[in-house]
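Structure first, then comments.
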Amino acid sequence: MTQSTAQSLKLSPSHARWIVAATYPALIVGYLLDLALGPQVGAPGLAVSALKLAGLVGCCVIFLTTFSFTANAPDHQIDERERTERSAAYVLAYQIVIGAVFLLFLASIAARLFTSWTLTVDALEELLTLIGIGGLALPAAILAWRSSAEEE
């Protein structure tokens, strides 16, 4: 075991999948609620902010797991099977992120065509944060999701 894996958060695949299953919906729903409701004061604003913060904290937890170590390890620190799994996770993560950006692009075009609504700079900044942080954690999340139950 290398120094990096010794410092990683060791989660069972089922716990890691649970974190992934909670993190990404929290990020997406939090962003969509923020977008739909606009700036809110009081309980609704606090609830939306807590939801987005939970998603960001979930991404940070995913970053700290051994799955993230595998996703970001130099080739000489992982075996051939792990390199193959990592490559497949990065391809899928790339496809998901590009697909999400493309869908958002299409949605923004549709919104401009059929309504007078446009994306504000603040909303765009939050969207880029969502895609950026969520996308960075995505390869590790995919590795955690695909991890076999026999590792538990």
Could you walk me through whether L130 and L56 pass the side-chain contact (heavy atoms from CB on, under 4.5 Å) test, one step at a time? CA-CA 8 Å; L130 166 83; L56 292 174; over 6 Å; no
The test is side-chain contact (heavy atoms from CB on, under 4.5 Å); show your working for T84 and E80 and say whether it passes. CA-CA 6 Å; T84 302; E80 186 63 33; 3.9 Å; yes
Apply the test side-chain contact (heavy atoms from CB on, under 4.5 Å) to residues I78 and F69: give CA-CA distance (whole Å), side-chain angles for both, the deciding distance (0.1 Å), then the verdict. CA-CA 9 Å; I78 57 177; F69 168 77; 4.3 Å; yes
For E126 and K52, what are the C-alpha separation, side-chain angles and deciding distance, and is it a side-chain contact (heavy atoms from CB on, under 4.5 Å)? CA-CA 10 Å; E126 287 208 19; K52 292 189 303 187; 2.6 Å; yes
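Atoms CZ and NE2, on R83 and H76 in that order, are 10.5 Å from each other to the nearest 0.5 Å. Expressed to the nearest 0.5 Å, how far CG of L11 lies from OG of S147 amounts to 11.0 Å. In this structure, SG in C60 is found 9.0 Å from CG in L53, a value given to the nearest 0.5 Å. Annotation: the span from I62 atom CD1 to I19 atom CD1 amounts to 7.0 Å, rounded to 0.5 Å.
The hydrophobic cluster containing Y24 also contains V97, counting ILVMFWY residues as joined when their side-chain heavy atoms lie under 4.5 angstrom apart, directly or transitively. Hydrophobic clustering (ILVMFWY, side-chain heavy atoms < 4.5 Å, transitive): I109 and F114 are in one cluster. A continuous path of ILVMFWY side-chain contacts below 4.5 Å connects W18 to V20, so both sit in one hydrophobic cluster. Two different hydrophobic clusters hold I131 and Y94 under the rule that ILVMFWY side chains link at heavy-atom gaps under 4.5 Å. I98 and L124 fall into different hydrophobic clusters, where Ile, Leu, Val, Met, Phe, Trp and Tyr are joined by side-chain heavy atoms under 4.5 Å apart, directly or via other members.
Within the hydrophobic cluster formed by Ile, Leu, Val, Met, Phe, Trp and Tyr side chains joined at under 4.5 Å, directly or through other members, L33 is accompanied by V29, L37, V48, L51.
Using a distance-only test at 3.5 Å, with no hydrogens or angles considered, a donor-acceptor pair links the side chain of T70 to the main chain of T66.
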List the atom pairs, donor and acceptor, that lie under 3.5 Å between side-chain atoms in residues 136-145 and the rest of the protein, sequence neighbours left out.
none

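For the pair L92/R146, a side-chain contact is recorded, criterion being any heavy-atom separation below 4.5 Å from C-beta on. L127 has its side chain within reach of Y31: a pair of non-hydrogen atoms, C-beta onward, lies under 4.5 Å apart. When side chains are defined from C-beta on, I133 does not count as touching L27, because their heavy atoms never get closer than 4.5 Å. In this structure, T65 and S68 have side chains that are in contact, with non-hydrogen atoms separated by less than 4.5 Å.
When all heavy atoms of A16 and F67 are compared, the pair lying nearest together is CB-CE1, 3.5 Å. The two atoms that bring P74 and R86 nearest to each other are C-NH1, 4.4 Å, heavy atoms only.
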